[in-house]
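Heavy atoms only: backbone and side chains are in, while hydrogens, waters and symmetry mates are out.
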Amino acid sequence: MNETPRDPEHPTGHGPYDDTSAYDLGPQPTWAPDDETATHPVVPPAYAAPPAAPPARGRKGFAAAVVAASLVVGGAAGLGGAAAWSALEDDGTGNGTSSGVQTSQVVDTPVSDAEPGSVQQVAETVLPSVVRIDVSSGQEGGSGSGIVLSSDGQILTNEHVIAAAGEGADITVSFDDGSRATATVLGADPLTDTAVIQAEGVEGLTPATIGSSEDLRVGQEVVAIGSPFGLDATVTSGIVSALDRPVGVASDASGDATIYPAIQTDAAINPGNSGGPLVDTNGHVVGINSSIRTSGSTSGASGGSIGLGFSIPIDEVLPIVEQMAAGETPTHARLGISVSDATAAEGQSGAEAVIGALVREVGEGSTAGDAGLEPGDVVVRVDDTMITGSDSLVATIRSYRPGDTVTLTFVRDGEEQSVDLELDTDAETS
């Protein structure tokens, strides 16, 4: 689809999600825990020697004991690792009374099976199918995550992960069992920010189970897995915050934009999560974690999660993934028009409101031209999906495949009209 090129000084465009960015991930920081710890021995209180007691009462003398032990992990039973003290106090009347002090017990935490649908159960199911991907070339490098597609090493990830160090970079994959392998690129698609790589010399991997993003509902629980900041096998959980959120993250030299109808989630996603799976509570992959929105408080720095993460819906890109895995060039649906955001008429109170995608140009011989669209028309709906701007239209059309028939609703001279058309393809023809 020949969308209007974006302003080269503002490559992410003019949509409401302009500052949503997928990271080209640089070297990850080394994490080290604070090693400054201080311990202070427990000192029992000192007691003065009791006064001499008359022999007739058989009075008990004061006694104090301190028991100390190091913490025992694992199979120790009883009071191992506890510290306790007890005493018999004199009330001054000659009658000794006993005062017991209860202490913490150290016990084994019982091991129980994970509840079906719990985050624990999902993690146990999916972790063997998630890998870390390291990319390096000279002084350039980065890392991300990937999803195992086949037992012999086909892996799905983001295009921006493998492009982090430029063309010809070395790619290393780290697996759940600690083993590593080099990998080569089978296919990459910048328009959908997806890529498939092949790990060399591996077998017996656990392929992920692919689910359906179409079945997702807002508020549904989801789990994200990946290697944020290089921390392998990190599991976070949250909910689906929104669906079909148009997210644009880049544009190429031809003006073609990377835009997709994203799954928005509040599960923590950070640099390094890119390419990893977003899964439902069945452990089925429903999305590919790709980008986050940051607060922008630190100029020039890659911020962390503020609860606004975006994943590429698996349904929309699975046909493209299959093309790349087979060594084919990915194809995309297109209308054959150039568009920009349409806004309310000047003079309207308040901020300008985006109301659709304004048609700027119509390609000769395109499906949109054959259907009668003209420059100045405003596209407001594709099938049942409302169109709120140019990014929204591009993302929606990319969720279809070439040859699909859609109903396009547009406004011309204040009158709403609809037309059915068959989507074009961007495949090159000889």
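- One finds the CZ atom of F310 at 9.0 Å from the CD1 atom of I269 (value rounded to the nearest 0.5 Å).
- Annotation: E214, atom CD; neighbour count of heavy atoms from other residues, nucleotides and ligands within 6.0 Å does not exceed 12.
- Panel note: side chain Q198, backbone D152; a donor-acceptor pair is recorded below 3.5 Å.
- Side-chain atoms of L373 and V419, non-hydrogen and from C-beta on, do get closer than 4.5 Å to each other.
- In this structure, a donor-acceptor pair under 3.5 Å is present between the side chains of Y260 and S291.
- Looking at every heavy atom in both residues, R132 comes nearest to S227 through CB-OG, 3.5 Å.
- Between atom CG of residue L149 and atom OG1 of residue T157 there is a gap of 10.5 Å, rounded to the nearest 0.5 Å.
- Between the side chain of D193 and the main chain of E159, a donor-acceptor pair closer than 3.5 Å is present.
- When side chains are defined from C-beta on, V359 does not count as touching F410, because their heavy atoms never get closer than 4.5 Å.
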Inset, instruction - For side chain to side chain contact (heavy atoms under 4.5 Å, CB included), just list the numbers for L308 and Q264, CA-CA rounded to whole Å, side-chain angles, deciding distance to a tenth of an Å, and then say yes or no. - result: CA-CA 7 Å; L308 294 173; Q264 182 181 326; 3.3 Å; yes
Could you pull out all donor-acceptor pairs under 3.5 Å where a side-chain atom in residues 319-331 meets a protein atom, sequence neighbours excluded?
unit_1	atom_1	unit_2	atom_2	d
Q323	OE1	T331	N	3.1
Q323	NE2	T331	OG1	3.1
T331	OG1	R401	NH2	3.0

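- If you take OG on S311 and CG on N273, they are separated by 9.0 Å, rounding to the nearest 0.5 Å.
- The 12-atom threshold is exceeded at CD of Q220, counting heavy atoms of other residues, nucleotides or ligands nearer than 6.0 Å.
- The shortest heavy-atom contact between L335 and S366 is O-CB, 3.7 Å.
- Distance CG/L231 to CG/N270: 9.5 Å, rounded to 0.5 Å.
- For S290 and S274, the side-chain atoms include no donor-acceptor pair closer than 3.5 Å.
- Salt bridge D383/R381: absent, no basic N to carboxylate O contact under 4.0 Å.
- To the nearest 0.5 Å, the span separating CD1 on I225 from CG on D232 amounts to 12.5 Å.
- The two residues P128 and A123 come nearest to each other via the heavy atoms CD-O, 4.4 Å.
- When all heavy atoms of S151 and P207 are compared, the closest pair comes out as N-CG, 3.8 Å.
- Taking the side chain as every heavy atom from C-beta outward, S237 and E221 never approach each other to under 4.5 Å.
- Put simply, the side chain of S129 gets close to the backbone of T206: a donor and an acceptor are under 3.5 Å apart.
- In this structure, T367 contributes its side chain and L423 its backbone to no donor-acceptor pair below 3.5 Å.
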Inset, instruction - May I have the step-by-step check of side chain to side chain contact (heavy atoms under 4.5 Å, CB included) for Q120 and V122, ending in yes or no? - result: CA-CA 5 Å; Q120 178 186 348; V122 170; over 6 Å; no
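- With contacts defined as side-chain heavy-atom distances shorter than 4.5 Å, the pair I314/I288 qualifies.
- Within the 3.5 Å criterion, the main-chain N or O of E361 finds no donor-acceptor partner in the side chain of S338.
- D426 has no carboxylate O lying under 4.0 Å from a charged side-chain N of R334, or vice versa, which leaves the two without a salt bridge.
- Side-chain contact between L216 and I263 is present, with heavy atoms from C-beta onward closer than 4.5 Å.
- Nearest heavy atoms, V130 versus P277: CG2-CG, 3.6 Å.
- D377 has its side chain out of reach of V411: every pair of non-hydrogen atoms, C-beta onward, lies at least 4.5 Å apart.
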Legend entry - Steps toward side chain to side chain contact (heavy atoms under 4.5 Å, CB included) verdict (L127, V235): CA-CA 9 Å; L127 277 170; V235 178; 4.2 Å; yes
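- Between the CG atom in D424 and the CG atom in D404 there is a gap of 12.0 Å [rounded to 0.5 Å].
- Side-chain N/O atoms of D134 and T172 include no donor and acceptor closer than 3.5 Å.
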Legend entry - Test log, rule side chain to side chain contact (heavy atoms under 4.5 Å, CB included), inputs I133 and I197: CA-CA 10 Å; I133 300 173; I197 62 176; 3.8 Å; yes
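- At distances below 3.5 Å, at least one donor-acceptor pair connects side-chain atoms of S118 with backbone N or O atoms of Q121.
- No side-chain heavy atom of V382 sits less than 4.5 Å from a side-chain heavy atom of T407.
- Contact record, V202 with G153: CG2-CA, 3.7 Å, taken as the closest heavy-atom pair.
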Inset, instruction - Show your reasoning for whether side chain to side chain donor-acceptor pair (under 3.5 Å) applies to D170 and S136. - result: CA-CA 5 Å; D170 295 324; S136 63; 4.5 Å; no
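- In terms of modelled atom types and a separation under 3.5 Å, the side chain of D266 and the main chain of I239 share a donor-acceptor contact.
- A distance-only check finds no donor-acceptor pair linking the side chain of T385 to the backbone of T396 [under 3.5 Å].
- When each of T425, T192, D189 is checked for a side-chain hydrogen bond (donor to acceptor under 3.5 Å, both in side chains) with H332, only D189 meets the rule.
- Under the 3.5 Å distance criterion, with hydrogens and angles disregarded, a donor-acceptor pair is assigned to the side chains of T184 and E200.
- Listed for the D177 side chain is a donor-acceptor partner under 3.5 Å among the backbone atoms of S179.
- Taking the side chain as every heavy atom from C-beta outward, V285 and L278 never approach each other to under 4.5 Å.
- Under the 3.5 Å distance criterion, the side-chain polar atoms of S213 are left unmatched by any main-chain donor or acceptor of P313.
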